[in-house]
Amino acid sequence: MRRTVEPELMDDEEQARAYASADFSASDTAFVEAFQARFGAALAASDAPIADLGCGPGNIALRLAHALPQRRIVAVDGAEAMLALGRERARTEGRDNVDFVRATLPSDALPPAHFGAIVSNSLLHHLHDPSVLWRTVAHIGRPGAPVYVGDLRRPPTPEAARAIVARYAGDAPPLLQEDYLASLHAAFEPAEVASQLAAAGLGGLAVEAVADRYLLVVGRLPG
Ligand SMILES: C[S@@+](CC[C@H](N)C(=O)[O-])C[C@H]1O[C@@H](n2cnc3c(N)ncnc32)[C@H](O)[C@@H]1O
């Protein structure tokens, strides 16, 4: 099936609230635990801030802030509706090591060679031009910084996409189901992501297909 893009920013308040109230806790917790398991030694050896690109309402950023209380987490999104929810959650949870920063990628607001690790979950499929993410990663990360990027992967047919929505979000509100289907249509195949990485000079990062609907880009920046 061919890729169909969806809007980049999720800056509608109702959409942001629906996303924030959905329960992604199992996959979000697994994401953070797997990132730590993969890069525990590297994370312990650095005190540089960690960037979460396309942070939404902070599902990943706040878990990271909790898991790594000595580290500064810079959570970046272009949608103020999402950032407001993230800041409110940080206040409620008492997390003072996470900053929610508004920036729409590509952006000059993020300092070059600054971050000791970069994570991103479910941003890539939103980008009309995916090279924006890889250029940003290469630009803002320190040499050798761990990179951990998760996303959906595009199913082979519209029927397969609908089946995934029915299986994993059949009980979700209609707005979330529509968003999910649109996201599956906007996602990339692993081979496409491998080409994107090679074009960005990040061919050393590995692309892995995970379970029936995810992909993972993992590795370290050239150093
Ligand atoms: C599906 S949400 C993922 C949120 C979060 N990472 C998570 O795992 O729950 C994608 C987020 O990427 C943001 N986004 C999309 N395009 C962006 C861009 N060009 N620059 C910054 N943020 C962007 C959207 O506003 C949205 O909050």
Side-chain angles (χ1 to χ4, degrees), residues 3 5-35 50-67 73-90 98-110 115 117-137 139-140 147-154 164-165 168-169 172-173 175-188 196 210 213-217:
R3 180 181 192 227
V5 297
E6 62 174 345
E8 289 205 350
L9 298 186
M10 297 175 70
D11 51 5
D12 175 78
E13 280 185 24
E14 189 191 353
Q15 183 188 35
R17 268 199 304 276
Y19 186 87
S21 63
D23 182 9
F24 300 118
S25 55
S27 55
D28 292 339
T29 299
F31 182 99
V32 171
E33 288 179 353
F35 168 65
I50 298 174
D52 176 12
L53 301 178
C55 63
N59 294 9
I60 300 294
L62 289 165
R63 281 177 170 77
L64 275 177
H66 174 68
I73 313 299
V74 179
V76 178
D77 204 287
E80 186 54 39
M82 287 289 196
L83 295 168
L85 293 166
R87 292 188 190 107
E88 180 58 35
R89 285 173 161 181
V98 55
D99 300 315
F100 284 90
V101 173
R102 186 170 190 183
T104 299
L105 307 181
S107 167
D108 293 336
L110 303 175
F115 293 96
I118 301 167
V119 303
S120 178
N121 187 45
S122 288
L123 166 65
L124 180 64
H125 73 266
H126 278 272
L127 298 173
H128 296 180
D129 174 4
S131 72
V132 162
L133 175 57
W134 308 122
R135 281 189 278 119
T136 301
V137 166
H139 182 64
I140 69 173
V147 174
Y148 199 82
V149 174
D151 209 325
L152 295 167
R153 68 174 195 263
R154 193 168 75 252
I164 288 175
V165 174
Y168 295 106
L175 184 60
L176 271 181
Q177 293 197 33
E178 284 164 28
D179 275 357
Y180 194 16
L181 187 63
S183 295
L184 288 165
H185 280 255
F188 293 98
Q196 295 162 16
V210 178
R213 58 196 162 130
Y214 297 116
L215 59 79
L216 182 66
V217 174

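Counting convention: from 1, in listed order, for ligands and their atoms alike. Residues: numbered from 1 along the sequence shown. Fair warning: this is a prediction, and the values are worked out from it, not measured in the lab.
Residue contact check: Ala79 has heavy atoms under 4.0 Å from atoms 25 (O) of ligand 1.
Close N/O approach between Leu123 and ligand 1 is not found [any backbone or side-chain N/O within under 3.5 Å]. The N/O atoms of Met10, backbone and side chain alike, include one that comes under 3.5 Å of an N/O atom in ligand 1. At under 3.5 Å, a nitrogen or oxygen of Asn121, whether backbone or side chain, sits near a nitrogen or oxygen of ligand 1.
In Met82, the part holding a heavy atom less than 4.0 Å from any atom of ligand 1 is the side chain. At a 4.0 Å heavy-atom cut-off, ligand 1 touches Asn59 through the side chain alone. Residue contacts with ligand 1 for Asp52 are absent, since no atom lies close enough (heavy atoms, distance under 4.0 Å). When non-hydrogen atoms are compared, ligand 1 lies under 4.0 Å from the side chain of Tyr19 (C-beta onward) but not from its backbone.
Considering all non-hydrogen atoms of both residues, Asp129 and Arg135 come closest at OD2-NH2, 3.8 Å. Of all heavy-atom pairs between Pro130 and Leu124, the closest is CB-CD1, 3.8 Å. The two residues Val210 and Arg153 come nearest to each other via the heavy atoms O-NH1, 3.1 Å. For the pair Gln177 and Ala172, the tightest heavy-atom approach, listed with the atom from each and the gap, is NE2-O, 2.9 Å. For the pair Arg154 and Leu184, the tightest heavy-atom approach, listed with the atom from each and the gap, is CG-O, 3.3 Å.
Using 4.0 Å as the threshold, Ala103 has a heavy atom nearer than that to some atom of ligand 1.
Looking from atom 20 (N) of ligand 1 to the surrounding protein, the closest heavy atom is Leu105 N, 2.9 Å. The nearest heavy-atom contact from the protein to atom 16 (N) of ligand 1 is Glu8 O, 3.4 Å. Atom 4 (C) of ligand 1 has as its closest protein heavy atom Gly54 O, 3.3 Å. The closest protein non-hydrogen atom to atom 26 (C) of ligand 1 is Asp77 OD2, 3.4 Å. Scanning the protein heavy atoms around atom 22 (N) of ligand 1, the nearest turns out to be Gly78 N, 3.2 Å. Given atom 17 (C) of ligand 1, the protein heavy atom at minimum distance is Leu9 CD2, 3.5 Å.
A side chain to side chain contact (heavy atoms under 4.5 Å, CB included) with Tyr148 is found for exactly one of Asn121, Leu216, Val217, Ile118, namely Leu216.
Environment of CD in Glu80: crowded, with over 12 heavy atoms of neighbouring residues, nucleotides or ligands closer than 6.0 Å. Atom NE2 of His139 has more than 12 heavy atoms from other residues, nucleotides or ligands within 6.0 Å.
Nearest residue to atom 5 (C) of ligand 1 from Pro7, Ser183, Ser122, Cys55 is Cys55 (criterion: closest heavy atom).
In this structure, Arg63 fails the cation-pi test against Phe31, since its NZ or CZ atom is not both closer than 6.0 Å to the six-membered ring centre and inside 45 degrees of the ring normal.
Arg102 has no carboxylate O lying under 4.0 Å from a charged side-chain N of Asp11, or vice versa, which leaves the two without a salt bridge.
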